[in-house]
Amino acid sequence: MNTLGYACQNTILSERPLTERIMMSRSCIRRTFDTKGLDYISQLTLLNAQDLIKILQWNEEHGIKFFRLSSDICPWASYFDMTDMRDYEQIHETLRRAGAYASAHSHRLTSHPGQFNVLPSPNPNVVERCIVDLTIHGTIFDWMGVSRTPYNKINIHLGGAYGDKQSAMERFCKNFERLPDSVQTRLTVENDDKASMYSVQDLYDGVYKRIGIPIVFDYHHHRFCPGDLSEREALELAMSTWPDDIVPVVHYSESRRDEQNNDKLKPQAHSDYVYDYIDTYGNTVDIMIEAKRKEQAVFRYKEIHHG
DNA sequence: ATAGGTCAAGCGAGG
DNA sequence: CCTCGCTTGACCTAT
């Protein structure tokens with residue numbers, strides 16, 4: 001059986017009453033950041049880091065060993081130096097303990113920085129902010145002491161095509177060289193969910209062949225942007241880009257439109273649960289389930305398919 | 001405690 | 001031009 005994981009948030013723990021709530025994505029809006037300042041961010045970050053350990057413990061108790069970190073552990077981090085937070089020492093130590101717990105119990109931790117990270121952008125400011133944000137992800141993984149390999153991936157989309165994918169991929173590969181080692185060693189790219197964007201084959205030819213970083217295969221996205229490859233071919237081409245000693249990650253989700261039987265919903269929107277059998281064609285992969293009901297979707301999948 | 005409006009960032013699709 | 005959808009909705013104010 002392939003390992004199943006979920007992303008960022010645990011519905012059971014985050015839907016508890018406020019005082020008992022456990023979540024790692026406490027954030028705030030700009031206005032609050034401006035009025036309450038860095039000390040408030042520091043408090044939120046410490047709570048998020050402490051809750052990360054609780055979530056990992058919960059995962060261990062429930063047989064889940066694959067989890068994606070929220071990118072909101074430290075809100076607004078691109079606007080200051082994380083070491084300037086009042087609770088920095090305690091935050092760093094808490095994250096170190098979270099990473100040690102994950103390592104001790106063989107939990108795989110990954111990340112997926114937001115859609116605003118567009119490394120091939122023609123706008124230098126966008127590229128600058130992207131480098132800053134990715135670096136934060138690399139730094140947090142370093143603090144946690146997890147591997148500088150795609151086992152602990154920092155996964156992104158290219159984010160823009162600008163009507164010329166080839167040029168955009170060249171800029172991506174060029175800007176990749178500007179990333180710190182903490183990011184370069186962990187970075188992966190994912191196929192897109194629009195026909196005009198990047199298929200697995202595009203990423204293989206335009207990114208993997210040039211800079212050698214692995215491709216994360218997303219089953220759902222592939223339906224919208226298959227190129228000339230079947231599902232199996234795309235999966236196996238993506239798998240071939242991973243180092244031999246690291247199990248590749250794939251993403252799996254289903255369409256909310258089908259689940260809710262509502263034509264008004266976009267087909268790309270994610271369902272609450274996933275129902276179909278995930279065919280890996282006999283390959284071993286770690287499967288990140290992207291569904292609104294998070295860990296409950298993992299449990300239900302295992303029930304349906306006797307995983 | 002909850003309902004409803006609001007909220008940093010990029011991009012492309014659809015209306 | 002506007003809204004949605006994406007990586008993970010969560011925050012904030014009024015009631």
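Throughout, a chain's letter reflects where its sequence line sits, starting with A, and its residues are numbered from 1.
- Comparing the same atom, P, in C:dC6 and in B:dG4 gives a spacing of 23 Å after rounding to whole Å.
- Distance from the side chain of A:P17 is smallest to B:dA1 among B:dA1, C:dC11, C:dT8.
- Residue A:M24 is classed as having no contact, given no heavy-atom separation below 4.0 Å to the nucleic acid.
- Between C:dG5 and C:dG9, the two C1' atoms lie 13 Å apart (nearest whole Å).
- Side-chain N or O atoms of A:T241 include one that pairs as donor or acceptor with a backbone N or O of A:A238 at under 3.5 Å.
- Rounded to whole Å, atom C1' of C:dC11 lies 16 Å from atom CZ of A:R30.
- Among the heavy atoms of the strands lying under 4.0 Å from A:E190 are primed sugar atoms or P, OP1, OP2 only; no base atom is included.
- Among the protein residues, A:H220 comes within range of no part of the nucleic acid, since none of its heavy atoms lies under 4.0 Å from any strand.
- You'll find that the side chain of A:D193 is closest to C:dC6, out of C:dC11, B:dG10, C:dC6.
- Minimum heavy-atom separation, A:Y198 to A:M169: CE2-CG, 3.4 Å.
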Q | side chain to side chain donor-acceptor pair (under 3.5 Å) between A:E290 and A:H251, intermediate numbers included | A | CA-CA 7 Å; A:E290 295 176 333; A:H251 292 176; 3.2 Å; yes
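- The cationic atom of A:R171 (NZ for Lys, CZ for Arg) lies less than 6.0 Å from the six-membered ring centre of A:Y162 and within 45° of the ring axis.
- Taking only side-chain atoms of A:I29, from C-beta outward, the nucleotide of C:dC6, C:dT8, B:dA8 with the closest atom is B:dA8.
- With a cut-off of 3.5 Å on both Watson-Crick or G-U wobble distances, the partner of B:dC11 is given as C:dG5.
- Within the 4.0 angstrom heavy-atom criterion, base atoms lie near A:Q115.
- Neither OP1 nor OP2 of C:dC6 sits under 4.0 Å from any side-chain N or O of A:H251.
- Look at C:dT8: its glycosidic torsion is within 90° of 0, and that puts it in the syn range.
- Within 4.0 Å (heavy atoms only), A:F33 reaches no atom of the nucleic acid at all.
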